[in-house]
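First the structure, in the form of structure tokens, and then the observations on it.
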Amino acid sequence: MYTQALDIPQQNAEKAPRAVENPAYQAEFDAKIDAGGYIEAKDWMPEAYRKTLVRQISQHAHSEIVGMLPEGNWITRAPTLKRKAILLAKVQDEGGHGLYLYAAAETLGVSRDELLDALHTGKAKYSSIFNYPTLTWADIGVIGWLVDGAAIMNQIPLCKCSYGPYARAMVRICKEESFHQRQGYDLLLTMMKGTQEQREMVQDAVNRWWWPSIMMFGPHDKDSVHSGQSARWGIKRISNDDLRQKFVDATVKQAEVLGVTMPDPELKWNEERGHYDFGAIDWDEFWNVVNGHGQGNVDRLAARVKAWEDGAWVREAALEHERKRAAREHQAA
Amino acid sequence: MTTTPAHIEYVTRLGDNALILGQRMSEWCGHAPVLEEDMALANMSLDLIGQARMLLTHAGKLEGKGRDEDQLAFLRTEMHYRNLTLCELPNVDFGRTMVRNFLFASLQVLLWERLLASSDTELAAIAAKSLKEARYHAQHAGDWVVRLGDGTAESHERAQAALDYLWPYTAEFFAANPTDEAIAAAGIGPAWSELEAAWEAVVVPVLNEATLTVPARTPFKSYGKFGRHSEHLGHLLSEMQYLQRTYPGAQW
Amino acid sequence: MERKEWPLWEVFVRSRNGLDHKHCGSVHAPDAKLALQVARDVYTRRQEGVSIWVVEAGNIVASDPDAKPELFDPAEDKIYRHPTFYQLPDEVNHM
């Protein structure tokens with residue numbers, strides 16, 4: 001599971017309106033935030049805070065359910081029954097995480113159907129990483145290792161975010177996530193111990209996923225649109241660049257143990273900084289994918305829309321049946 | 001207890017049913033009508049894959065040629081699969097998926113109940129675990145059959161069409177050949193003739209509640225459990241077996 | 001049909017006997033039966049529960065957050081309700 005585009009503005013984002021805000025409430029809200037306290041669903045909150053949360057939580061939820069697709073692409077082709085069960089359980093977890101997050105967003109006064117509509121009509125964003133294709137079985141391992149690894153780093157700080165329902169959803173999600181990264185790495189280890197062809201598959205997957213993974217931390221801090229306000233509100237606790245560095249530092253060692261190389265000739269230890277240096281990120285590529293021009297954008301969205309539209313008769317039937325049942329019960333009473 | 005070919009065949013059938021239907025159900029992942037149902041379908045698919053693993057492992061041991069669950073799942077050809085044809089049919093839509101799950105899981109509940117007393121103690125242990133899962137599947141799918149059958153005009157029509165399509169394949173549930181006779185004689189499993197009336201007694205009231213018309217029996221016969229399948233199985237297998245076939249001997 | 005979205009149900013799970021049911025999230029479902037089933041599928045995938053309650057969200061009556069002062073502040077000065085309020089001689093202080 002996956003957060004990334006968390007501080008990417010909506011396509012046609014209006015300016016946060018200055019609602020008629022009550023200064024006494026505002027002071028109480030600020031004091032609560034400054035003391036590291038939680039805001040709960042029914043508490044007063046500034047309209048801009050509410051809107052930012054709805055945008056961030058729903059982007060996060062959308063990322064989870066769109067994120068089911070690239071990995072879901074391999075469920076029917078998993079090479080062993082054990083791997084099939086693991087992958088299906090993992091992709092199912094992502095659906096669960098999407099569900100927890102939609103539920104958290106709904107406490108802010110939006111409905112899930114509205115949020116899904118925003119996704120289906122292209123108004124809402126989701127993490128751009130899921131617009132990349134999964135070409136071989138090794139991609140499943142690399143997604144677990146790198147993409148989930150990056151996501152976990154992004155998410156752990158959110159367990160302490162200021163909005164209670166979001167923080168609680170994140171605690172549940174982070175607990176379930178740790179299995180995702182480990183199963184991915186375990187899958188790759190097995191492949192690296194296998195045939196030459198398998199090792200080549202793993203290296204090829206690392207080559208394709210490394211840069212998109214480190215882009216998941218979002219734009220550099222100096223270019224980040226929402227970071228300042230979000231940090232003030234306790235919605236974002238650690239900066240994009242700090243998290244990215246932490247991820248790179250942690251991953252290099254893991255790559256060594258695995259026996260793969262990252263596709264970055266500038267990746268090397270910097271004694272002075274106490275961190276790994278890495279090459280320049282291709283932000284044009286990042287923004288292209290974010291803005292809908294990635295390889296998978298159209299197909300991913302079409303798959304979600306199709307599932308939703310194909311399911312309409314089922315959802316309607318269930319409501320209609322319940323209406324009939326309740327009417328019969330009423331009549332019998 | 002000495003292992004007979006019938007015994008291996010029987011356990012393989014049970015394993016293949018779970019494997020092939022589990023594979024079909026997993027196709028739903030990420031595409032269900034609503035997120036909640038995505039979770040439910042994945043859970044049921046995981047239950048079935050788990051059953052398949054236990055049953056095929058057991059079949060491999062009975063066979064004694066050193067084949068494990070994966071060799072049995074991924075390295076046999078169509079004619080060596082012994083699943084019910086019903087399990088390999090494409091999902092098509094949520095209606096057909098739920099009607100199929102209901103028809104199949106209702107049979108499984110009765111079968112696992114009987115297999116608790118199997119003379120094959122390993123099979124009896126698998127039955128104990130699988131029975132709980134099958135009961136949930138039958139309940140979940142049965143509730144959906146009622147919702148869809150007695151829902152909107154469109155859902156009724158789709159549910160009825162699903163039932164009309166699937167019903168003829170249920171005759172195969174109760175078809176018997178010498179394998180089945182040997183199994184019943186050895187006390188490994190029940191005679192199918194014992195289950196048919198019980199199955200109808202469970203299934204028909206739910207279909208009635210769903211306002212669906214139970215189709216009449218026709219001369220149609222399918223023979224998946226005897227190794228003669230529909231055209232659909234080959235496609236399912238070519239997808240499922242792709243990696244094992246492409247990279248022989250690789251570890252995953 | 002007027003209503004297109006399935007109603008929201010709040011989910012409470014008892015993690016093991018001896019403990020209270022605790023709120024853990026919500027699901028959408030058309031009826032109580034399916035609400036319970038999907039709550040099981042969503043919230044107890046890792047043996048998190050032995051019992052589930054679902055309540056249609058609209059049926060929950062909640063206190064008004066704006067009424068916090070009048071509802072909860074009056075308990076603040078009733079310190080004599082707490083055992084630590086009473087200083088007893090050391091010999092019997094474990095009471």
Side-chain angles (χ1 to χ4, degrees), chain B residues 22 25-26 28-50 94-95 97-99 101-102 105-106 109 129 132-159 205-206 209-211, chain C residues 1-68 71-72:
Chain B
M25 302 258 281
S26 78
W28 273 106
C29 189
H31 307 278
V34 61
L35 202 41
E36 278 80 355
E37 204 54 42
D38 224 313
M39 306 294 293
L41 288 162
N43 266 351
M44 289 185 274
S45 178
L46 284 169
D47 287 344
L48 290 169
I49 293 167
F94 187 77
T97 300
M98 280 300 133
V99 173
N101 275 6
F102 172 63
S106 300
V109 169
K129 182 174 183 298
K132 298 176 202 164
E133 296 168 347
R135 280 187 176 140
Y136 185 77
H137 300 188
Q139 180 72 47
H140 177 89
D143 291 349
W144 266 115
V145 169
V146 173
R147 281 187 200 100
L148 298 179
D150 187 24
T152 61
E154 179 183 2
S155 72
H156 177 82
E157 198 179 308
R158 283 176 182 259
V206 175
E209 193 191 341
T211 70
Chain C
M1 232 167 306
E2 287 291 280
R3 197 180 60 184
K4 286 277 190 160
E5 185 159 14
W6 285 0
L8 188 69
W9 301 73
E10 297 300 332
V11 179
F12 301 81
V13 172
R14 186 202 295 288
S15 56
R16 59 187 157 85
N17 276 7
L19 297 179
D20 293 324
H21 283 79
K22 199 173 143 198
H23 182 248
C24 64
S26 53
V27 293
H28 284 275
D31 54 62
K33 239 177 170 179
L34 192 63
L36 260 185
Q37 289 176 7
V38 297
R40 172 259 193 199
D41 286 317
V42 173
Y43 290 103
T44 65
R45 301 196 303 288
R46 290 179 171 77
Q47 301 177 288
E48 293 96 333
V50 294
S51 164
I52 301 176
W53 292 345
V54 290
V55 185
E56 203 173 332
N59 288 333
I60 291 182
V61 183
S63 64
D64 177 0
D66 285 342
K68 251 183 234 164
L71 290 175
F72 307 112

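What's counted below: heavy atoms across the whole structure, side chains too, no hydrogens, waters or symmetry copies. From a predicted model like this one, the values you see are computed outputs, not experimental measurements. Letters A, B, ... mirror the listed sequences (proteins, then strands); counts begin at 1.
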Atom CG of C:D64: over 12 foreign heavy atoms under 6.0 Å: yes
Test side chain to side chain contact (heavy atoms under 4.5 Å, CB included) applied to C:K33 and B:R147, step by step: CA-CA 11 Å; C:K33 239 177 170 179; B:R147 281 187 200 100; 4.2 Å; yes
Best-contacting candidate, B:E37, B:Q139, B:M44, B:M39, against chain C by heavy atom pairs under 4.5 angstrom: B:M39
Nearest atoms (heavy-atom pairs only) where B:Y136 meets C:R40: CE2-NH1, 3.1 Å
Worked verdict on B:E36 versus C:L34 for side chain to side chain contact (heavy atoms under 4.5 Å, CB included): CA-CA 9 Å; B:E36 278 80 355; C:L34 192 63; over 6 Å; no
Between CG on residue B:D38 and CG on residue C:D41, distance to nearest 0.5 Å: 11.0 Å
